[in-house]
Number of protein chains: 2
Amino acid sequence: MVQPVADGIQTKRTTIYDLAALAGTSASAVSAVLNGNWKKRRISEKLAERIRRIADEQGYAVNMQASALRRERSRIVGMIVPMYDNRYFGSIVEKFEQMARDRGLFPIITCTQRDPDLEVQAARAMLSYQVEFIVATGATDPDHISDICRAAGIRSFNLDLPGTKAPSVLSDNFGGARTLTRQVLQRNRDRFARNEPLVFVGGRAVDNTAERIRGFRAAHADMEIAVREDCIIACGYAAQKAEQALTHLYQTVPDHPHGMFVNSTISLEGVLRWIKKEQPDLLQTAAIGCFDFDPLVDLLSENILMVKQDVPTMLDALWRIIAENNTTHEVVEIPPVAAVS
Amino acid sequence: MVQPVADGIQTKRTTIYDLAALAGTSASAVSAVLNGNWKKRRISEKLAERIRRIADEQGYAVNMQASALRRERSRIVGMIVPMYDNRYFGSIVEKFEQMARDRGLFPIITCTQRDPDLEVQAARAMLSYQVEFIVATGATDPDHISDICRAAGIRSFNLDLPGTKAPSVLSDNFGGARTLTRQVLQRNRDRFARNEPLVFVGGRAVDNTAERIRGFRAAHADMEIAVREDCIIACGYAAQKAEQALTHLYQTVPDHPHGMFVNSTISLEGVLRWIKKEQPDLLQTAAIGCFDFDPLVDLLSENILMVKQDVPTMLDALWRIIAENNTTHEVVEIPPVAAVS
DNA sequence: TCGGCTTGTGCCATCGATTGTGCATTGATG
DNA sequence: CATCAATGCACAATCGATGGCACAAGCCGA
């Protein structure tokens with residue numbers, strides 16, 4: 001079983017059979033010792049120790065493919081994420097990975113560029129690798145992913161954007177948007193003597209944006225300011241879309257307001273590009289709100305208020321639901337941490 | 001073989017044996033048809049079509065665990081990344097995933113928090129899942145990862161930070177730092193009438209930071225400005241470290257310069273926090289350079305110049321080396337795109 | 001009509017790890 | 001000394017997909 005060695009590189013990996021031969025015992029003993037249930041199999045401490053030593057010397061690592069096949073349990077868990085272009089998804093991924101590892105699971109994460117086809121393709125690939133469940137984060141079509149998972153008999157969960165066919169954990173978009181909008185309106189009134197509504201930019205009308213717009217409206221009502229219906233622009237998240245939308249707005253709606261509610265940091269990028277090009281002093285004459293947090297923005301600008309979604313609490317809730325294992329499709333809403341700046 | 005169904009969820013996945021039974025044929029025919037080499041096995045178009053239809057109806061997905069075990073080829077490729085707290089690593093991961101998928105490979109990526117132990121643990125886990133190679137990006141100890149991979153007989157590659165035991169692709173840190181430093185020195189001279197050296201903040205002396213410091217020195221020499229050796233502070237990348245370092249510098253070195261070379265966007269975060277707290281008008285009286293690019297910073301500040309590392313070209317080079325399959329441990333240096341702002 | 005060739009399929013061993021089962025020892029007890 | 005339980009371990013089947021090989025059926029020319 002021991003293989004030829006070329007240039008210090010083994011052409012073949014060490015298996016439990018190799019270790020068994022080296023230790024003068026059987027593969028089943030090796031397996032039992034190395035995966036920890038050797039006491040159940042009444043293997044002597046002496047043999048266990050010898051096997052462990054030899055495994056160590058050989059730098060043995062289980063073949064998880066074989067293990068998973070036999071156990072019918074892969075210990076792999078999957079997460080689908082839209083993009084890595086912002087701190088929000090970045091921190092979700094970092095935390096998810098860590099929490100998976102803490103539970104002895106192996107996380108595989110893939111970003112799908114907000115592309116529904118890629119999402120489906122990624123989910124199918126994960127199923128082929130026998131993931132134990134899939135978390136669809138900010139998916140464009142969460143229910144489709146749930147359907148695919150259900151057909152394969154594995155669970156799925158939604159994060160950041162809700163679906164109707166799996167449990168969902170998301171921010172309190174209504175509350176967060178309401179608070180943020182109120183703070184921006186207030187600052188425009190106090191600091192810039194602007195008693196006008198805000199422009200709403202970014203996001204897709206079909207997803208959490210609807211709830212945020214509801215919060216946006218509620219805040220205007222709270223402050224007794226009339227919402228400008230023609231200035232609510234759910235143009236998608238991409239920076240360029242936001243930039244174009246504002247260019248268009250300023251060309252076609254002469255009496256538009258100046259403050260803004262921007263629906264993500266990536267949309268904010270487009271907004272800032274537009275500001276730099278077309279309204280370079282806007283940030284000195286009006287406040288902007290951004291639903292999502294970026295520390296660099298926070299440190300560089302006085303007049304951009306942000307809400308920070310509470311990633312740790314969201315992921316705690318997610319893993320609690322994963323552990324619970326019941327079949328209700330509950331929706332858990334987590335309040336954002338706070339609006340800052 | 002067909003399993004009981006509960007609540008619309010199959011408790012057991014469909015296998016090629018199930019499909020074979022449904023199609024009235026053998027598992028080997030199903031396998032051959034579904035993985036595309038049915039022509040070699042002279043399976044009739046008619047049977048192939050029937051099998052494909054049934055597989056489709058059943059929503060069949062191969063068990064990659066079984067397939068990989070048998071083929072002795074997982075089609076999984078691994079990448080290790082420090083953190084997701086900046087756009088640079090984010091774009092590396094996005095691009096790597098896409099390029100892996102384009103090649104029919106399944107990427108698994110894990111972030112290791114700049115923790116050497118986690119890096120090793122992650123590499124071992126990937127090896128257990130039989131990855132075909134590992135790319136260590138910005139690793140704190142690339143050679144250790146190379147050693148582990150070599151012991152398992154699989155290839156490894158270094159990205160962003162070089163190692164001596166595997167091919168490496170990285171930015172031209174010397175050239176990039178030299179250009180950036182020169183531009184910042186120039187701007188300090190032109191715009192702020194400061195003819196003084198820069199403070200260097202962030203990074204670890206053992207890694208690419210050394211080359212950047214070399215470029216930093218060269219630029220000072222180019223401009224005939226003496227480097228302040230007591231103001232070169234490779235305090236690590238973490239934001240807090242940079243913040244503390246500057247606090248300490250301003251307390252203990254009274255005649256320090258004011259412009260800065262900051263070694264990453266995450267260090268910049270600490271620098272900006274410190275500026276906001278302790279020197280709120282610094283950005284109006286001195287220019288800062290940052291080795292790494294963040295579009296939001298670019299749009300919000302006039303006086304922060306940045307270099308953008310050329311991720312697409314770096315990854316093209318990486319995959320070229322991966323495809324080449326030769327054993328030299330070459331180091332490829334890619335010039336950054338440009339300094340902007 | 002018979003051997004030889006092509007075509008189309010099925011059988012079975014195999015990948016490496018896991019686990020139910022069974023079989024020797026050993027020591028204790030009557 | 002016989003009996004029995006406890007102890008320590010090995011054997012072999014199994015997970016699902018793959019691919020070498022054998023084999024049957026059909027066809028052709030001699």
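Order of the sequence lines sets the chain letters (A, B, ...), proteins ahead of strands, with each chain counted from 1. Every value quoted in this text rests on a predicted model; they were computed, and no experiment measured them.
Under the side-chain hydrogen bond (donor to acceptor under 3.5 Å, both in side chains) criterion, the residue pairs touching residues 118-133 of chain B are B:Arg73-B:Glu132, B:Glu119-B:Thr140, with sequence neighbours excluded. Within the structure, ring pair (Phe, Tyr, Trp, His ring centres under 6.0 Å) pairs that include any residue of residues 18-52 of chain A do not occur (at least two apart or interchain). Under the ring pair (Phe, Tyr, Trp, His ring centres under 6.0 Å) criterion, no residue pair touches residues 56-79 of chain B, with sequence neighbours excluded.
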Taking N or O atoms only and anything under 3.5 Å, show me the protein contacts with nucleotides 11-14 of chain D, one pair per line.
residue	atom	partner	partner atom	Å
D:dC11	N4	A:Ser28	OG	3.1
D:dT14	O2	A:Arg70	NE	3.4
D:dT14	O2	A:Arg70	NH1	2.8

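Within 4.0 Å (heavy atoms only), B:Arg71 reaches sugar-phosphate atoms of the nucleic acid but no base atom. Counting any heavy atom pair closer than 4.0 Å across all strands shown, A:Ile16 reaches a base atom.
As a whole-Å value, the separation of B:Ile43 CD1 from D:dG19 P is 12 Å. Computed from coordinates, the B:Leu19 CG to D:dG16 P distance equals 12 Å when rounded to whole Å. Look at CH2 on B:Trp38: it is 14 Å from C1' on C:dT9, rounded to the nearest Å. Atom P of nucleotide D:dG19 and atom CG of B:Leu34 are separated by 13 Å, given to the nearest angstrom. Between the CZ atom of B:Arg73 and the P atom of C:dT14 there is a distance of 24 Å, rounded to whole Å. B:Asn63 places its CG atom 14 Å from the C1' atom of C:dG16, with the value rounded to the nearest Å. Remark: C1' of C:dT19 and CD of A:Glu72 are 12 Å apart, rounded to the nearest angstrom.
By the salt bridge (charged side-chain N to carboxylate O under 4.0 Å, His left out) test, B:Arg204 pairs with B:Asp207, sequence neighbours left out. Listed by chain and number, the residues in a salt bridge (charged side-chain N to carboxylate O under 4.0 Å, His left out) with B:Lys165 are B:Asp147 (sequence neighbours excluded). By the salt bridge (charged side-chain N to carboxylate O under 4.0 Å, His left out) test, A:Asp85 pairs with no residue at all, sequence neighbours left out. By the salt bridge (charged side-chain N to carboxylate O under 4.0 Å, His left out) test, B:Arg75 pairs with no residue at all, sequence neighbours left out.
Positionally, the nearest nucleotide of DNA chain D for B:Leu69 lies more toward the 5' end than for the other of B:Asn37 and B:Leu69.
An OP1 or OP2 oxygen of C:dT18 is reached within less than 4.0 angstrom by a side-chain nitrogen or oxygen of A:Ser31. Phosphate proximity of C:dT18 to A:Asn35: present, with a side-chain N or O under 4.0 Å from OP1 or OP2.
Listed candidates were D:dA17, C:dT9, D:dT7. Nearest to the side chain of A:Arg42 is D:dT7. Of the candidates C:dG16, D:dA10, C:dG10, the closest approach to any side-chain atom of A:Thr25 belongs to D:dA10.
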Please tabulate, for the side chains in residues 312-326 of chain A, all donor-acceptor contacts under 3.5 angstrom to protein atoms that are two or more places apart in sequence or on a different chain.
residue	atom	partner	partner atom	Å
A:Thr313	OG1	A:Asp310	OD1	3.0
A:Thr313	OG1	A:Asp310	OD2	2.7
A:Asn325	OD1	A:Arg155	NH1	3.3

Can you list, pair by pair, the side-chain donor-acceptor contacts under 3.5 Å of residues 90-100 of chain B, counting residues two or more places apart and other chains?
residue	atom	partner	partner atom	Å
B:Ser91	OG	B:Arg87	O	3.1
B:Ser91	OG	B:Tyr88	O	2.9
B:Glu94	OE2	A:Tyr84	N	2.7
B:Glu97	OE1	A:Thr110	OG1	3.2
B:Glu97	OE1	A:Cys111	N	2.7
B:Glu97	OE2	A:Cys111	N	3.4
B:Gln98	NE2	B:Asp102	OD2	3.3

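With hydrogens and angles disregarded, a donor-acceptor distance shorter than 3.5 Å links the side chain of B:Ser146 to the backbone of B:Pro142. Side-chain N or O atoms of A:Asn208 include none that pairs as donor or acceptor with a backbone N or O of A:Leu161 at under 3.5 Å. With hydrogens and angles disregarded, a donor-acceptor distance shorter than 3.5 Å links the side chain of B:Asp18 to the backbone of B:Thr15.
Taking the screw axis at each terminus of the helix from C:dT1-D:dA30 to C:dG30-D:dC1 from five consecutive base pairs, the angle between the two is 70° to within rounding of 10 degrees.
A heavy atom closer than 4.0 Å to some atom of DNA chain D occurs in no member of residues 44-54 of chain B.
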